[in-house]
There are 2 protein chains.
Amino acid sequence: MVSATLTKFSDLDGQAPFNGCQENFKQPDGIGKNTGRKQRLSAHDVLFYEGDKAERLYEVLRGVMMLYKLLPDGRRQVVYILREGDMLGFSNREFFDCTAEALTEVELQVFESREISTSPMMQHYVNRCLLSQMETLHEHTVLLGRKSALERVSTFLMSLVPNRGGHGCSGPIEEGKPDTKTVALSMTRQEIADYLGLTIETVSRVISQLKRRGLIKVEKQDSIHITNICGICQLTGMH
Amino acid sequence: MVSATLTKFSDLDGQAPFNGCQENFKQPDGIGKNTGRKQRLSAHDVLFYEGDKAERLYEVLRGVMMLYKLLPDGRRQVVYILREGDMLGFSNREFFDCTAEALTEVELQVFESREISTSPMMQHYVNRCLLSQMETLHEHTVLLGRKSALERVSTFLMSLVPNRGGHGCSGPIEEGKPDTKTVALSMTRQEIADYLGLTIETVSRVISQLKRRGLIKVEKQDSIHITNICGICQLTGMH
DNA sequence: CGCCACCTTGAGTTTACTCAAGTTTTGTGG
DNA sequence: CCACAAAACTTGAGTAAACTCAAGGTGGCG
């Protein structure tokens, strides 16, 4: 047994113990047994479409992607946001159930599906990734089914602040210390709206409201400085 | 390799090939190697609460269950409906992220988590179950994020009609033949509302509207006769 | 037969949506 | 580096869908 703590799928060599999935990223790009193909995407490139044949898995090494589904009349729902360390390309059937599109420049590690299914180690890793994604989906289901626009946007902003708002919420770090953070949205207002089940105008209005209330400062459209993390957290509906 | 086609987790004996997950149910109750514990629940019994220690997996042998999450102010979102052949009790962390409650009388097969993690066969089966649940969650995300009340209720009704409305939609079976089906809801209006992200009044009004339009007949509150499956299907937003 | 839980319906309200400008930002070419 | 165009974002006014609150109806079971 190798004792090193590996955190990326691309680092797995069939012997390393599992140690999480998008939980921390201490390793350089994968250089294990899977020296295989890397793939680069520009923002808004589509990696695969809903209905495409599912033959490969991908690990996001750098950048942000989204999975979305379309209704025939053009309504779109973004069902998942993928960040560094996340995997995509799973499918139960022969075909993908979602479209995968890059939100930023992206670098991917590519795996052939059979590489996975022949390695119990990788099976196990994929399993943990699926469970992690499932929990995220459950949370997002609550957001879409039961939260107000203000709660949705606040929850979204909190999801961009590591170690806050969730199970492992550390609270304001220390009395007197500034409780702030600048986050990169990596998404347009329309993409945020399609993720949160709102319209672009509603997202814009909520952001303006948070700005007026002095909880955030919009720096570059794509970059928001949260001036009071705890204040935003109180608006998520989870406290 | 055993060549028989097994369709339930509880039938797996470590050698049978995977053959789906809640896709068809031809086998009697599981009697494979896992002769282990069975558990019965009455309607509205809670199997486990969000936050409970996750130590066992369960397979639904009979009946219907739901997974739900609560917000601190009491708002509830049902995140998944589990039917015969479905598995529950997965967790990435040490604790469950949802509460599991029986909607009807339920019979479960119980598995200790370590039984699963030591069998590659079971690992693989669990994997397929997770992927199947993930696709269902993606569909439900679209429903919650982008569909109207009428579309949500119609989609819910269609989900109770096997082989219709989804990927393998066969369409109206034959010209002239009646396109009808009686479905058991197995849920109160409140539970349906909490699943569809609506209020009980809205669910009730939509059902009344479908009744008025002659698409369904309500037989026993819990039992709905769909008199025009294709008509309901047209209202799901997916055609 | 009557109670209790569940369901339905109505009236009024609220939230988020639609439509329509107007503004800001970003990217491109001179 | 500036001017311009295109894309993205914001804001306002009016509307519509679903919500809340309240009352009344229905059905199942002792």
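These figures come from a predicted structure and were not determined experimentally. Convention: sequence-line order gives letters A, B, ...; per-chain numbering from 1.
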Rounding to an integer number of Å, can you tell me how far A:E151 CD sits from D:dC19 P? 14 Å

How many whole angstroms separate atom CD1 of A:I192 from atom C1' of C:dA16? 17 Å

Pair A:K147 + A:E139: basic N to acidic O under 4.0 Å: no

Would you classify A:S208 as touching base, sugar-phosphate or nothing, given that sugar-phosphate means primed atoms plus P, OP1 and OP2, and contacts are heavy atoms under 4.0 Å? sugar-phosphate

State whether the distance check finds a donor on one side and an acceptor on the other, under 3.5 Å, for side chain B:E201 versus base D:dC21. yes

Have a look at B:I207 and say if it touches a base, only the backbone sugar-phosphate, or nothing, with a 4.0 Å heavy-atom cut-off. nothing

Atom CD1 of B:I200 to atom C1' of D:dA18: distance rounded to whole Å? 15 Å

Shortest non-hydrogen pair, A:L41 vs A:M65, comes out as CD1-CE, 3.7 Å

Taking only the side-chain heavy atoms of B:R205 (C-beta and beyond), determine which of D:dA13, D:dC19, D:dA8 contains the nearest atom. D:dC19

When the distance from NZ of A:K220 to C1' of C:dG27 is rounded to whole Å, what number comes out? 14 Å

What integer distance in Å separates B:R152:CZ from D:dC19:P? 8 Å

Would you call B:K220-B:D222 a salt bridge at under 4.0 Å N-O? no

Quick check for you: among C:dC17, D:dC19, C:dA16, whose closest atom lies nearest to any side-chain atom of A:S148? C:dA16

Choose from D:dG28, D:dT10, D:dA8 the nucleotide whose nearest atom is closest to any side-chain atom of A:Q221. D:dA8

One thing to verify: whether A:R40 and A:E105 come together as a salt bridge, which I'm taking to mean a side-chain N less than 4.0 angstrom from a carboxylate O. no

Decide, yes or no, whether a salt bridge links B:R164 with B:D179 under the criterion of side-chain N to carboxylate O below 4.0 Å. yes

Would you please confirm or rule out a distance under 4.0 Å between OP1 or OP2 of D:dC9 and any side-chain N or O of A:S204? no

Side-chain contact check for A:T202: nearest option of C:dA16, D:dT10, C:dC7 is C:dA16

So which one's nearest nucleotide on DNA chain D is more toward 5', B:K147 or A:Q190? A:Q190

Please tell me which of the listed nucleotides, D:dT10, D:dC9, D:dA18, lies nearest to the side chain of B:A149? D:dA18

Measure the distance from CG on B:D222 to C1' on D:dT26 and round it to the nearest whole Å. 15 Å

If you assign A:T199 and B:K211 each to the DNA chain C nucleotide with the nearest heavy atom, which residue ends up on the more 5' nucleotide? B:K211

Is there, by distance only and without an angle test, a donor paired with an acceptor across the side chain of A:R189 and the base of C:dT25 below 3.5 Å? no

N-O pairing of A:R189 and A:E201 below 4.0 Å: no

Can you identify which nucleotide, out of D:dA8, D:dT11, C:dT26, has its nearest atom closest to the A:T188 side chain? D:dA8

Starting at the 5' end of DNA chain C, which residue's closest nucleotide do you reach first, A:E219 or A:G197? A:G197

How many Å lie between CG on B:L196 and P on D:dA18, as a whole number? 12 Å

Quickly work out the A:D194 CG to D:dA8 P distance and round it to whole Å. 13 Å

